[in-house]
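A note on names: the letters A, B, ... follow the listed sequences, proteins ahead of strands, and every chain is numbered from 1. Both backbone and side-chain heavy atoms feed into the values below; hydrogens, waters and symmetry mates do not.
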Number of protein chains: 2
Amino acid sequence: MKLSTKGRYGVKAMFDLAQHMGEGPISLKSIAERQGISEHYLEQLVSGLRKAGLVKSVRGAQGGYLLGKEPDKIKIGDIIRVLEGPIAPADCVSEEDPEICSKAEFCVTRTIWEKVRDSIAEVLDSITLETMLEDAKKIESDRSLYMYYI
Amino acid sequence: MKLSTKGRYGVKAMFDLAQHMGEGPISLKSIAERQGISEHYLEQLVSGLRKAGLVKSVRGAQGGYLLGKEPDKIKIGDIIRVLEGPIAPADCVSEEDPEICSKAEFCVTRTIWEKVRDSIAEVLDSITLETMLEDAKKIESDRSLYMYYI
DNA sequence: TTATATCTTATTAAAATACTCGGGATTTGT
DNA sequence: ACAAATCCCGAGTATTTTAATAAGATATAA
């Protein structure tokens, strides 16, 4: 029940791009540095995100990446699905072509994994990069308020 | 975001025990056969469940396993935690001694993994073996009703 | 005492994970 | 034209995890 670094790094990188919107293309190098991720490894992840249209690339010097859509159109679930595959606590309840099991009709454990799957999907699809930007703003203002009182 | 066979087999085995309550000790061999699991492998899993008090063992011939508590006292979350460890989509939000990260205070992605963790825990802790037995009964009666109409 | 079980530890094959490396293609600034 | 920056792509690899398998010790009912 753990996300791999793919999903976690991917969300971090996408959020980084969201935070630097309007500054032109952002290089992987700068993202990797800020987020503490291997640049080469990040390259592989971003390649998938680009093919899925979640980011756009600009090649050449001063090139980099931009969000492929508005932040409120990019759900965390979209990012996770690209990088980790369909949400599926068990293969028999995968969001995409679940593995058919002959006992599926009367399998009680299966209904549990369905509930887990749906609850994960609901959380991940309820949060967008926009939501995260708002959260970050709130945390920032809470912090400065706190500093003020010291 | 996938459960390993440990968690899945474990839940199946525990449910099997629940379904055979009152029949005395149930051997691993019979559980393994019914559920299509390697007996030796199941042995390892059940060993953990026993240490956690979720099952009781009876050694010797005609021995086997019994539920360690009433089915309504055994949550699926308990089984999963024993076999797969604390629920933790990321190490920094593990239910048990989360890995401290210096950026935790203002980390926005962290709050996402917290929400995912809580939503998974909520589902798994809302289902008990008793719930599953009721579900199974319902599925069975639905099936026979359906058969009746053919 | 024998057959049936649980218990325990060690080993292992295969897969997944998390990188690393090397080189090619494209664009910008000099 | 050229160098530097950057994306792009495929292959290789070390480590860890998964899912068993194996072998033998211990306990008990019949």
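What you find for A:K115 and B:D135 is that their closest heavy atoms are NZ-OD2, 4.4 Å. Here the shortest heavy-atom pairing between B:E84 and B:K6 reads OE2-C, 4.1 Å. Contact detail for A:V108 and B:M132: the closest heavy-atom pair is CG1-O, 3.6 Å.
Rounding to whole angstrom units, CG of residue B:D91 and C1' of C:dA18 are separated by 14 Å. Rounded to a whole Å, the NZ atom of A:K29 is 17 Å from the P atom of D:dC8. Rounded to an integer number of Å, the gap from CG of A:L42 to P of D:dC9 is 15 Å. Between B:L45 atom CG and C:dC7 atom P the separation is 14 Å, expressed in whole Å. Nucleotide C:dT17 holds its P atom 12 Å from the CE atom of B:M1, rounded to whole Å. Atom-to-atom, CD of A:Q35 to C1' of C:dC19 comes out at 18 Å; the value is rounded to the nearest Å. For the pair B:K56 NZ and C:dT6 C1', the computed distance is 16 Å after rounding to whole Å. In this structure, CD of B:Q62 is placed 17 Å from P of C:dT2, rounded to the nearest angstrom.
In the model, A:S144 has no side-chain atom that pairs as donor or acceptor with a side-chain atom of A:S141 under 3.5 Å. Side chain to side chain, B:Y65 and B:S27 fail the donor-acceptor criterion of an N or O pair below 3.5 Å. If you check the side chains of B:S38 and B:Y9, you find no donor sitting under 3.5 Å from an acceptor.
Residue A:R50 places at least one side-chain N or O under 4.0 Å from the OP1 or OP2 atom of D:dC8. Checking the phosphate oxygens (OP1, OP2) of D:dC8, a side-chain nitrogen or oxygen of A:S57 falls inside 4.0 Å.
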task: Encode nucleotides 10-21 of chain D as B, S and - characters from 5' to 3', where the letter depends on protein heavy atoms closer than 4.0 Å: B to the base, S only to sugar-phosphate, - to neither.
output: -B-------BBB
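Hydrophobic clustering places B:I74 together with B:L133 (ILVMFWY residues linked when any side-chain heavy atoms are closer than 4.5 Å, directly or through intermediates).
Nucleic acid contact for B:V46: none, since no nucleic acid atom lies under 4.0 Å from a heavy atom of the residue. Across all strands shown, A:S27 has heavy atoms under 4.0 Å from sugar-phosphate atoms exclusively, and none from any base.
At a cut-off of 3.5 angstrom, the base of C:dT6 holds at least one donor-acceptor pair with the side chain of B:R59.
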